[in-house]
J.: 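Here it is: the structure, laid out below.
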Amino acid sequence: MGKYENDVKRLLDLVGGKGNIQAVSHCMTRMRFVLVDPKKANEKEIEDLPSVKGTFTQAGQYQVIIGNDVANFYNEFTAYAGIEGVSKDAVKAAAKTNQNPAQKIVGTLGEIFAPLIPALICGGLVLGFRNVIGEINFFANGTQSLADVSQFWAGMYNFLWLIGEAVFHLLPVGIVWSITKKMGTTQILGIVLGLTLVSSQLLNGFSVSSTAAEDIPVWDFGFAKVQMIGYQGQVIAAMMAGFVLVYLEKFFKKICPEVVSMIVVPFCSLLPAVIIAHTIVGPIGWKIGDAIGTAVYSGLTSDFRFVFAAIFGLLYAPLVMTGLHHMTNAVDSQLLAIPPKTTILWPMIALSNIAQGSSVLAMSVLQKKNERAQQVNVPACISCYLGVTEPALFGVNLKYVFPLVCGMVGSCIAAMISVGSGVQALSIGVGGLPGILSIVPQYYLTFLLAMAVAIVVPFVLTFIVGRIKLSAEGRFGKNRGNAEAVSAVSEAEAASAAEAPAAGTGMAEAAPAGDVKELKSILDGKVIPITEVEDEVFSQKVMGDGVAIEPTNTVVTAPADCDVCVVMADTCHACGLALPNGLELLIHVGVDTVDMGGDGFKLFVNEGDHVKAGQPLIEFDPEKIRAAGHPCTTMFIVTGEGSAAGVTMHTGMDAKAGETTVISWD
């Protein structure tokens, strides 16, 4: 065997043995298993293996984080287990077989809405600013708004509606486009179908409820009349229309000869889809969407609203961990489409974000002397307060459990205050503390009270319980959570580790030495903190600290003179480097781009090559990456747990490859 012999043997037993492995593959940092029975995997003992940096489950795959040397570990594992590895696509396909129908539906829903979330957040912020400008009466004894007393702000108030209308009124365009993108059909046809649902020729969907039936315009075909109703803001109808188009296109592609497919397939797909959308699925989807929205709204305004609010506030955070929370996007959007065109649901989501962030804040106070824990606590708390809860949930609260529960309790109480007072939001997408911008101004004070509860209650409960729990664990968190691989150690152990000879992989074991004192940017583009990356393994610094770059060019170059220690020859999307002082670096182009199988990537180096600063390493096609549904964000990591003393990550600026320093040390 090799250097991982013991860990390989133990891992095979701990995942349930050979018979429990349906498929296995690996990417640049992780072993990816599809297990017959995921419950047989002993996560606690797996995470205690010396070679393992953490585990988590995603999209039916049980992923074990190994690090840069995952290829060698994988080879030893498959050889010992007598299992033939498969491609990433095969693992992905096998993983779907482990999902029940409900999980598949929720997964699909999440994949449809995920590309729309940035627009929803932006639109929500814009409408929030409009609230402040034109809906809050600051002047003339509370009778006039900023827009009333200033022509500039009146113009700005009207101008900003361009974005608000584009995001929320024209939402069906984005939904149908996202469906065609996810299903692999022609995206421009999806955009055209979406536009026919919100055409200016139609009666605006938001005006239907206030228009008399006899005043609704119609298409008169002689034998039948079809109402000319737009579907602005409608979610269910748009989704149904999108899937009609997708399956029509797939059907005609299958039966149509290739020589005429360019003409026949688009025409025979789009025309029937538009007809069906306006005559069958549109009206049906409208009724379904209205029924769902009305039912939720009725529940939130009924005599039982406190019970509804308590349950939702208590369980929303666990919903996020299962992915089921994506369903609330559709419900929220539908609530905005029916009178009174506001949502009582979204304020509770914002409060849940705040509550979980407050639990992390308490943990940060409790663990203020635990430098390694703080590397996760601080960014997780900030992101949570800004509306992104996954780093806090998986990196901190689920890890210790009691912060999660304390946050749920605070969210529950805050939700009851919010719903009990009838707090409403004019838009969705802006969570956490900025969520107040989306609130109807008359409810600001009540929502501020609910926010105070969401901050104070979880913080106090977590602090009190943590004083007991963490004292029993030594205050340095020796447990390790599902998606977080940084094991907390005692101060004495940390000091010992810092004094130990460099092993070449762990930043905490030795500060960088030698002539290299800085690393240049590997790409042109905006440098952002690694905590903002849309991948928990990187954002939680499981692989180590570093930076991320939003690229504006397409060639990754070496940050310094170094050796290539590992490459992903089959997918070409990542490589590992070693500096002369033994420090190791990881470059990973895009998020989840391993799924692309190398399409759109070109690798210029091989394992063992020595490269000079500025030498090309990887070339990539941003359009192909985006078309596959992945961000182009490129990670530049100094691998190992923690970070060495004196290392500075330079972020927040536009970098030039080979010129701008992004990582440096004393």
J.: Charged N to carboxylate O below 4.0 Å: is that the case for Lys44 and Asp48?
T.: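 A salt bridge is present here (some side-chain N lies under 4.0 Å from a carboxylate O).
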
J.: Just to verify, what does Lys624 make a side chain to side chain donor-acceptor pair (under 3.5 Å) with, not counting sequence neighbours?
T.: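 Side chain to side chain donor-acceptor pair (under 3.5 Å) check on Lys624 returns Asp599.
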
J.: Kindly say whether Pro403 contributes a backbone atom to a donor-acceptor pair with the side chain of Ser359 at under 3.5 angstrom?
T.: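 At least one qualifying donor-acceptor pair exists.
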
J.: Give the ring-plane orientation class for His588 versus His573, where under 30° counts as parallel, over 60° as perpendicular and anything between as tilted.
T.: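 Perpendicular: the ring planes of His588 and His573 meet at over 60°.
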
J.: Of all residues at least two apart in sequence or in a different chain, which pass the side chain to side chain contact (heavy atoms under 4.5 Å, CB included) check with Val15?
T.: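 Val15 satisfies side chain to side chain contact (heavy atoms under 4.5 Å, CB included) with Leu11, Ile21, Leu35, Ile46 once adjacent residues are dropped.
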
J.: List in chain and number order the residues that pass side chain to side chain contact (heavy atoms under 4.5 Å, CB included) with Leu433, two or more places apart in sequence or in another chain; answer none if no residue qualifies.
T.: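 Residues passing side chain to side chain contact (heavy atoms under 4.5 Å, CB included) with Leu433: Ile354, Tyr385, Met451, Ile455.
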
J.: If you look at every heavy atom in Lys181 and Arg626, which pair is closest and at what distance?
T.: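 Distance-wise, the nearest heavy atoms are CE-O, 3.6 Å.
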
J.: So does Leu404 get a backbone contact from the side chain of Asn397, meaning a donor-acceptor N/O pair under 3.5 Å?
T.: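 Absent.
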
J.: Check whether any side-chain N or O of Lys526 sits under 3.5 Å from a backbone N or O of Gly652 as a donor-acceptor pair, and report yes or no.
T.: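 Here the side-chain-to-backbone pair exists.
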
J.: Look only at the side chain of Asp563 and the backbone of Ala578, and say whether a donor-acceptor pair between them is shorter than 3.5 Å.
T.: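 Looks like no, no N/O pair under 3.5 Å.
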
J.: To the closest 0.5 Å, what do you measure between CG (Asn377) and CE (Met363)?
T.: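 Spacing of CG (Asn377) from CE (Met363) equals 6.0 Å.
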
J.: Test your reading of the model: is there a side-chain donor-acceptor pair from Ser352 to the backbone of Met348, 3.5 Å cut-off?
T.: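 Side chain of Ser352 to backbone of Met348: no pair is present.
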
J.: Do you know which two heavy atoms are closest between Ala560 and Leu519, and how far apart they sit?
T.: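 Here Ala560 and Leu519 meet closest at CB-CD2, 4.0 Å.
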
J.: After noting the C-alpha distance and the side-chain angles of Ser51 and Asp7, does the key distance pass the side-chain hydrogen bond (donor to acceptor under 3.5 Å, both in side chains) rule?
T.: CA-CA 7 Å; Ser51 304; Asp7 285 2; 2.3 Å; yes

J.: Quick check: does any side chain N or O of Asn20 sit under 3.5 Å from a backbone N or O of Asp37, one acting as donor and the other as acceptor?
T.: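 Present.
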
J.: Hey, is the main chain of Pro458 close enough, under 3.5 Å, to the side chain of Thr462 for a donor-acceptor pair?
T.: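 Yes, the answer is positive, given that a donor and an acceptor are paired below the 3.5 Å cut-off.
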
J.: Quick one: sort the Phe33 and Phe77 rings into parallel, tilted or perpendicular, breaks at 30° and 60°.
T.: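 Geometry flag for Phe77 against Phe33: perpendicular rings.
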
J.: Using side chain to side chain contact (heavy atoms under 4.5 Å, CB included) as the criterion, list what pairs up with Val533, not counting sequence neighbours.
T.: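 Once residues adjacent in sequence are excluded, the partners of Val533 under the side chain to side chain contact (heavy atoms under 4.5 Å, CB included) criterion are Ile530, Asp535, Phe538, Ala548, Val591, Thr633, Met635.
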
J.: In Å, rounded to the nearest 0.5 Å, how long is the span from CG of Leu586 to SG of Cys575?
T.: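 The distance works out to 8.0 Å.
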
J.: Side chain to side chain contact (heavy atoms under 4.5 Å, CB included) between Leu366 and Arg467: does it pass, once the steps are laid out?
T.: CA-CA 7 Å; Leu366 287 166; Arg467 294 273 295 188; 3.9 Å; yes

J.: Passes side chain to side chain contact (heavy atoms under 4.5 Å, CB included), Cys572 versus Ile618? Steps please.
T.: CA-CA 7 Å; Cys572 305; Ile618 300 171; 5.6 Å; no

J.: Ignoring hydrogens, what is the shortest heavy-atom contact between Met31 and Val24? Give both atom names and the distance.
T.: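 Minimum heavy-atom contact is CE-CG2, 4.1 Å.
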
J.: Tell me every residue that passes side chain to side chain contact (heavy atoms under 4.5 Å, CB included) with Val365, counting only those two or more places apart in sequence or in another chain.
T.: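 Applying side chain to side chain contact (heavy atoms under 4.5 Å, CB included) to Val365 gives Phe459, Phe463.
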
J.: To the nearest 0.5 Å, how far apart are CZ in Phe636 and CD1 in Ile587?
T.: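 Those atoms lie 5.5 Å apart.
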
J.: Do any N or O atoms from the side chain of Thr571 and from the backbone of Thr593 form a donor-acceptor pair under 3.5 angstrom?
T.: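 Absent.
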
J.: Within this structure, what is the SG-CG distance for the pair Cys565 and Leu577, rounded to the nearest 0.5 Å?
T.: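 CG of Leu577 is found 6.5 Å from SG of Cys565.
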
J.: For Val567 and Asn606, run side chain to side chain contact (heavy atoms under 4.5 Å, CB included): C-alpha distance rounded to whole Å, both residues' side-chain angles, the deciding distance at 0.1 Å, then the answer.
T.: CA-CA 7 Å; Val567 296; Asn606 298 307; 5.7 Å; no

J.: Give a yes or no on whether the backbone of Asn72 and the side-chain of Asn75 come within a donor-acceptor separation of less than 3.5 Å.
T.: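 No.
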
J.: Show the nearest heavy-atom pair for residues Ala355 and Gly407, with the distance to one decimal.
T.: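 Minimum heavy-atom separation between Ala355 and Gly407: CB-O, 3.3 Å.
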
J.: Only counting residues at least two apart or in another chain, list the ones meeting side chain to side chain donor-acceptor pair (under 3.5 Å) with Asn42.
T.: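 Side chain to side chain donor-acceptor pair (under 3.5 Å) list for Asn42, sorted by chain: Glu45.
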
